[in-house]
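Before any comments, here is the structure.
Note that the structure is predicted; figures quoted are calculated from it, not measured.
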Amino acid sequence: MLQLSEQPRMKTLASLDDAYELCRQITAKYARTFYLGTLLMPEAKRRAIWAIYAWCRRTDELVDGPGARFTTPETLDLWEGYLESIFAGEAIEDTDVAMVDTVERFSLDIQPFRDMISGQRMDLYRSRYQTFEDLELYCYRVAGTVGLMSLPVMGIAPVVRSSPWETSEPSDPSAEAVALGIANQLTNILRDVGEDARRGRIYLPLEELALFDYTEEDLLNGVVDERWQQLMRFQIQRARKFYVKAEKGILALNPDARWPVWSATMLYSQILDAIERNEYDVFRQRAVVPRYRKMISLPLAWLRAQVL
């Protein structure tokens with residue numbers, strides 16, 4: 001449980017290396033597929049991504065962790081104050097030491113971090129989303145923001161000019177970075193329908209349930225029939241469209257970031273394949289990508305990073 005207090009206790013914090021190691025352990029424990037992709041990055045970049053992930057994980061646990069029932073709007077106000085401290089160069093907890101270094105080293109923008117906290121605020125008072133437009137805003141805040149947080153770490157490739165008078169600017173892949181975060185969150189939502197239902201939450205848009213004549217009661221009871229399968233096919237098709245959009249931005253990244261981003265994209269999107277192999281039963285079977293499929297994806301991702 002993440003404990004917050006209005007007056008942070010005075011203590012000796014971890015060294016910079018120990019703080020990054022703690023962030024690495026958090027990433028490896030809670031995001032195994034994502035962690036595999038980070039191992040393909042240069043050391044400085046992967047450490048920064050671990051620091052960002054650890055902060056995001058701690059933020060998410062405020063509303064989804066074991067102590068979430070104690071979280072209030074005031075808790076998130078305090079957490080946002082802690083965020084301000086990090087961007088002012090002041091670490092409060094051990095993992096913050098790594099975040100302070102990452103913020104300074106890569107000149108991160110605070111706004112995506114604030115937006116993520118806004119997404120956690122939504123989870124405090126919303127357990128249903130009527131339309132996809134409502135859900136998309138939530139997905140941007142809790143996951144699309146991660147793309148924007150990570151983009152300065154990945155870096156944008158410089159433009160190779162064919163003539164001295166060429167004035168083209170580097171491409172801005174921000175929209176594609178957001179699309180990747182939304183694609184990942186939609187994948188999480190589809191994988192975790194059963195788990196969320198047990199907590200009384202439904203993230204699939206209610207008007208789309210109605211479109212397929214599938215009710216909230218059906219979902220809460222874990223009904224898998226033709227209606228559900230058609231609904232899931234529709235949702236998976238949408239998630240894949242976001243992955244396609246995200247892939248178009250990878251070429252704009254620095255070359256040393258393309259392989260890990262291709263890898264992470266391919267690995268995570270395979271969760272959708274696993275849902276299909278399970279015949280869309282996300283209530284009784286967790287969609288898992290077998291290790292051998294992950295290993296096969298890495299050389300394919302490397303090839304895409306070279307030619308696409």
Side-chain angles (χ1 to χ4, degrees), residues 31 33-34 36-38 40-41 45 49 52-53 56 109 111-112 115-116 118-119 122 129 131-157 159 168-192 203-205 207-208 211 231-276 287 289 297-298 300-308:
T33 298
F34 175 74
L36 184 61
T38 67
L40 306 175
M41 299 178 184
K45 291 188 176 186
I49 295 299
I52 292 170
Y53 176 84
C56 293
D109 180 6
Q111 191 57 47
D115 288 346
M116 176 171 279
S118 296
M122 293 174 75
Y129 291 86
T131 69
F132 178 70
E133 287 72 22
D134 296 335
L135 180 64
E136 187 175 15
L137 173 61
Y138 172 77
C139 289
Y140 160 71
R141 287 177 171 174
V142 300
T145 51
V146 179
L148 298 180
M149 295 172 191
S150 305
L151 192 54
V153 177
M154 301 300 178
I156 298 175
V159 172
S168 58
E169 295 295 325
S171 299
D172 180 4
S174 296
E176 291 81 2
V178 169
L180 180 56
I182 292 176
N184 290 342
Q185 184 63 23
L186 292 175
T187 301
N188 287 340
I189 287 171
L190 298 179
R191 180 194 61 195
D192 298 337
Y203 287 102
L204 300 183
E207 70 174 17
E208 293 177 2
L211 181 65
L231 172 61
M232 286 294 283
R233 291 187 192 104
F234 177 81
Q235 302 295 330
I236 288 174
Q237 182 181 37
R238 171 191 284 144
R240 285 183 170 140
K241 287 180 180 178
F242 276 96
Y243 280 115
V244 169
K245 179 177 180 179
E247 290 170 0
K248 295 176 182 178
I250 299 177
L251 182 60
L253 301 178
N254 270 344
D256 64 5
R258 292 173 193 165
W259 185 21
V261 175
W262 265 117
S263 297
T265 301
M266 293 173 63
L267 291 169
Y268 220 80
S269 65
Q270 287 179 28
I271 294 173
L272 300 176
D273 301 333
I275 293 173
E276 291 173 330
V289 180
S297 296
L298 296 182
L300 293 176
W302 179 86
L303 183 62
R304 287 187 176 185
Q306 309 309 310
V307 301
L308 296 182

Does any pair with a residue in residues 247-257 pass side-chain hydrogen bond (donor to acceptor under 3.5 Å, both in side chains), and if so which ones, sequence neighbours excluded? Lys45-Asp256

Of all the heavy-atom pairs spanning Asp115 and Tyr140, show the shortest one and how long it is. OD2-OH, 2.7 Å

Side chains of Arg258 and Gln306: does their closest heavy-atom pair fall under 4.5 Å? no

Could you check whether Gln235 and Arg238, counting side-chain N and O atoms only, form a donor-acceptor pair closer than 3.5 Å? yes

Give the intermediate values and the outcome of side-chain contact (heavy atoms from CB on, under 4.5 Å) for residues Leu151 and Ser174. CA-CA 7 Å; Leu151 192 54; Ser174 296; 3.6 Å; yes

Between Thr187 and Tyr243, is any side-chain donor less than 3.5 angstrom from a side-chain acceptor? yes

All heavy atoms of Lys245 vs all of Ala175, minimum pair found to be CE-O, 4.2 Å

pair Gln237-Lys241: side-chain heavy atoms closer than 4.5 Å: yes

Indicate the atoms forming the closest heavy-atom contact of Ala274 with Ala287, along with that distance. CB-CB, 3.8 Å

Reference residue Arg141; test side chain to side chain contact (heavy atoms under 4.5 Å, CB included); the match among Met122, Gln185, Met116, Glu136: Met122

Within the 4.5 Å heavy-atom criterion, are Arg233 and Ile236 side-chain neighbours or not? no

So do Thr33 and Ile271 actually touch side chain to side chain, heavy atoms under 4.5 Å? no

Is any side-chain heavy atom of Leu180 less than 4.5 Å from a side-chain heavy atom of Thr265? yes

Pro173 versus Leu253: any side-chain heavy-atom pair under 4.5 Å? yes

Closest non-hydrogen contact found for Leu190 with Leu204 is CD2-CD2, 3.7 Å

Stepwise, does the side-chain contact (heavy atoms from CB on, under 4.5 Å) test hold for Ser150 with Val261? CA-CA 11 Å; Ser150 305; Val261 175; over 6 Å; no

Please report the closest heavy-atom contact between Pro260 and Gly37, naming both atoms and the distance. CB-O, 3.3 Å

Leu40 vs Leu298, test: side-chain contact (heavy atoms from CB on, under 4.5 Å). Steps then yes/no. CA-CA 9 Å; Leu40 306 175; Leu298 296 182; 4.1 Å; yes

At what distance, to the nearest 0.5 angstrom, does CZ of Phe132 lie from SG of Cys139? 6.5 Å

Side chain to side chain, Tyr268 and Asn188, heavy atoms closer than 4.5 Å: yes

Find the distance between CZ (Arg191) and CD1 (Ile275) and round it off to the nearest 0.5 Å. 8.0 Å

Side chains of Asp192 and Tyr203, heavy atoms from C-beta outward: is any pair under 4.5 Å? no

Who pairs with Ser297 by side chain to side chain donor-acceptor pair (under 3.5 Å), at least two apart in sequence or on another chain? Gln270

What I want to check is whether the side chains of Asp134 and Thr131 have a donor and an acceptor closer together than 3.5 Å. yes

What heavy-atom pair brings Tyr138 and Gly119 nearest, and what distance separates the two atoms? CE1-O, 3.7 Å

Can you tell me how far apart CE (Met149) and CD1 (Ile49) are? Round to the nearest 0.5 Å. 10.5 Å

Could you tell me the separation between the CG atom of Leu272 and the CZ atom of Arg240, rounded to the nearest 0.5 Å? 5.5 Å

